[in-house]
Amino acid sequence: MAQHGIEAHEHKLVPLQTRSERPRSTSISDFPELSNRQEIWRYLPMDRLQGLDAEVIGEVTQGELSIGLSGTVTANWIDSSEKIVGTAGLPEDRISAIAWTNASKTLLVEVPADQEIAEPVFLTLKLEELAAKALHIFVKVGANAKATIVLDHIGQGFLAENVEILLDPGAKLDFVSIQDWDNGSSHVSNQFTRLGRDSTLKHVVVSLGGDLVRVTPSVALDSPGAEIQMYGVFLADSKNYFEHRPYVDHIAENCVSNVAYKGALQGAGAHTVWVGDVLIRETAIGTNSYELNRNLLLTDGARADSVPNLEIETGKIEGAGHASASGRFDDEQLFYLMARGIGDTEAKRLVVRGFLNEVVQKVGISQVEDRLIASIEQGLEKAGV
């Protein structure tokens, strides 16, 4: 049986036609074993999971997660059986359910109502053990409060993670998730968001390192006037498999969503996957939505899969659209730079910087932006671009 009152779903042979049809449950048994025949796992290199699909895995210790609070923000470890856990979302796949089941404690980060937190809150997870572990984080932002939270993943390890974000009416949150793992790491993260009336979330995903990184951010816009901006930036080399699957579920009226992910790939074997799902339900009158994915292939042998999906159940909307493109360097841009005395290598770097910097600037935290730019520079130099 599924938990939290969610009904179990039978495993049918007929593929699900829309994202909204997926079962939601905290019970591992409600999900079939992983297979590349299933759409949600069709691209994933199963040999890189490193045990994250096992029913029993370890748990992140409190000492592995450092917490840098700011202002009146609090952070406490609570039992994962507490009622608040699961109110922002429930697992839609087997690894998420595994992480849910094996994380006995949840880190609850709370921003009090009517508080504007001037400095960012930093949550830094550093793993140094090659063992599969689970982690659950819950972020709650009170009514009319404003804050910035950075979740940073570094070191080397195997992590199955669930992150819940709940915004009360009028709240504003900038949330940045950084995946900057050492080689040999594997990370599967499911991030659930529920927005209150007239609340605003800027959600930024940055993936720079790790053998396998899969981030699935989803948002339920079930309160009128809510707005989400979802940005992503990634730089993949021959050792990296990065997969990002943002999902926006427009339920209430007059909500806004904007999704923009941009990435660069270099080296034979570099592989990125972006699957963007937007559902505009019949009740979502006045919706304004757009999703974009752009990929820059720097070398031969790199592969970028990009799949935008847009489902609209009502014509009473402000607008909806999507765009996707993957390609090489723009020869005209390179010619323009080289005609002004800039060498071939530096011209290519300038193009990549400009391409990615548009999203990097969305982070809005100078020290984080500087670090990301330095990582991008290092990656380009290492690859000889």
Side-chain angles (χ1 to χ4, degrees), residues 120 148-153 165 172-181 189 191 193 200-210 213-219 227-237 240 242-248 256-266 270-278 289-298 302 304-308 321-330 333 348-380 383 385:
T148 298
I149 296 176
V150 179
L151 176 58
D152 196 2
H153 305 87
I165 302 173
K172 294 183 178 181
L173 175 67
D174 290 355
F175 184 84
V176 183
S177 178
I178 304 172
Q179 291 67 238
D180 197 7
W181 296 102
S189 177
Q191 304 184 4
T193 303
T200 302
L201 173 65
K202 181 170 72 174
H203 187 280
V204 184
V205 174
V206 181
S207 296
L208 299 173
V213 172
R214 185 181 194 265
V215 183
T216 306
S218 62
V219 57
E227 177 177 346
I228 185 164
Q229 305 289 329
M230 304 178 81
Y231 300 109
V233 61
F234 47 92
L235 178 63
D237 65 21
N240 303 136
F242 294 158
E243 181 173 329
H244 304 96
R245 288 177 172 257
Y247 172 43
V248 181
V256 175
S257 69
N258 180 50
V259 181
Y261 276 63
K262 299 180 76 172
L265 298 83
Q266 57 191 7
H271 187 190
T272 65
V273 174
W274 182 87
V275 180
D277 291 309
V278 175
S289 176
Y290 193 79
E291 61 173 342
L292 166 76
N293 176 228
R294 293 277 190 266
N295 301 292
L296 184 59
L297 304 174
L298 306 180
D305 291 289
S306 181
V307 186
H322 60 151
S324 169
S326 300
R328 299 282 187 175
F329 284 107
D330 188 319
Q333 288 182 335
K348 289 181 178 179
R349 289 184 183 180
L350 286 172
V351 172
V352 177
R353 291 174 198 149
F355 177 76
L356 297 179
N357 198 48
E358 179 184 356
V359 178
V360 171
Q361 290 179 336
K362 299 296 184 182
V363 173
I365 308 169
S366 59
Q367 64 265 42
V368 176
E369 290 181 2
D370 291 344
R371 171 187 159 192
L372 299 182
I373 292 171
S375 294
I376 291 171
E377 294 284 351
Q378 184 180 11
L380 294 174
V385 175

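Keep in mind that the numbers below use all heavy atoms, side chains included, and drop hydrogens, waters and symmetry copies.
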Heavy-atom pair of closest approach, residues Ser375 and Asp180: OG-OD2, 4.1 Å
Please examine the side chains of Val213 and His153, heavy atoms only from C-beta on, and report whether any two atoms are closer than 4.5 Å. no
Passing candidate, side chain to side chain donor-acceptor pair (under 3.5 Å) with Ser326, options Asp305, Asn295, Thr272: Asn295
Is it true that the side chains of Gln191 and Thr193 contain a donor and an acceptor less than 3.5 Å apart? no
Okay, side chain of Lys362, backbone of Val204: is any donor-acceptor separation there less than 3.5 Å? no
Hey, does Val205 have a side-chain heavy atom less than 4.5 Å from the side chain of Tyr261? yes
Decide yes or no on side-chain contact (heavy atoms from CB on, under 4.5 Å) for Val359 and Arg294, but give the supporting numbers first. CA-CA 11 Å; Val359 178; Arg294 293 277 190 266; over 6 Å; no
Only counting residues at least two apart or in another chain, list the ones meeting salt bridge (charged side-chain N to carboxylate O under 4.0 Å, His left out) with Asp370. none
Within a strict 4.5 Å, meaning less than it, do heavy atoms of the Ser257 and Val219 side chains meet? no
Would you say Gln179's side chain and Val206's backbone share a donor-acceptor pair under 3.5 angstrom? yes
Answer yes or no: is there a side-chain heavy-atom contact under 4.5 Å between Tyr247 and Thr216? no
Verify the neighbour count for atom NZ of Lys172: are there more than 12 heavy atoms of other residues, nucleotides or ligands below 6.0 Å? no
Any side-chain heavy-atom pair from His203 and Ile165 closer than 4.5 angstrom? yes
What distance separates Leu235 CG from Leu298 CG, expressed to the nearest 0.5 Å? 7.5 Å
Can you find a side-chain donor-acceptor pair between Ser289 and Glu291 that sits under 3.5 Å? no
Side chains of Gln266 and Asp237, heavy atoms from C-beta outward: is any pair under 4.5 Å? yes
So, taking the atom named CZ in Arg353 and the one named CD in Glu377, what distance separates them when rounded to the nearest 0.5 Å? 4.0 Å
With respect to Gln229, which candidate in Asn258, Thr200, Asp174 satisfies the side chain to side chain donor-acceptor pair (under 3.5 Å) definition? Asn258
Using modelled atom types only, decide if a donor and an acceptor are shared between the side chain of Asn240 and the backbone of Ala270 within a distance under 3.5 Å. no
Please check if atom CD in Gln367 has more than 12 non-hydrogen atoms from other residues, nucleotides or ligands closer than 6.0 Å. yes
CG/Leu173 to OG1/Thr148 distance, rounded to the nearest 0.5 angstrom? 7.0 Å
For Lys202, does the NZ atom sit with more than 12 other heavy atoms under 6.0 Å from it, leaving out its own atoms? yes
When you check the side-chain N and O atoms of His322 and Asn293, is any donor under 3.5 Å from an acceptor? no
Sorted by chain and number, sequence neighbours left out, ring-ring contact (aromatic ring centres under 6.0 Å, His included) with Phe234 holds for His244
Is the shortest side-chain heavy-atom distance between Ile373 and Ile376 below 4.5 Å? no
If you take all heavy atoms of Ala323 and Tyr290, which pair is closest and at what distance? CB-OH, 3.3 Å
How close do Gly209 and Phe242 get, heavy atom to heavy atom, and via which atoms? N-CZ, 3.7 Å
Measure the CE-OG distance between Met230 and Ser218 for me, rounded to the nearest 0.5 Å. 7.5 Å
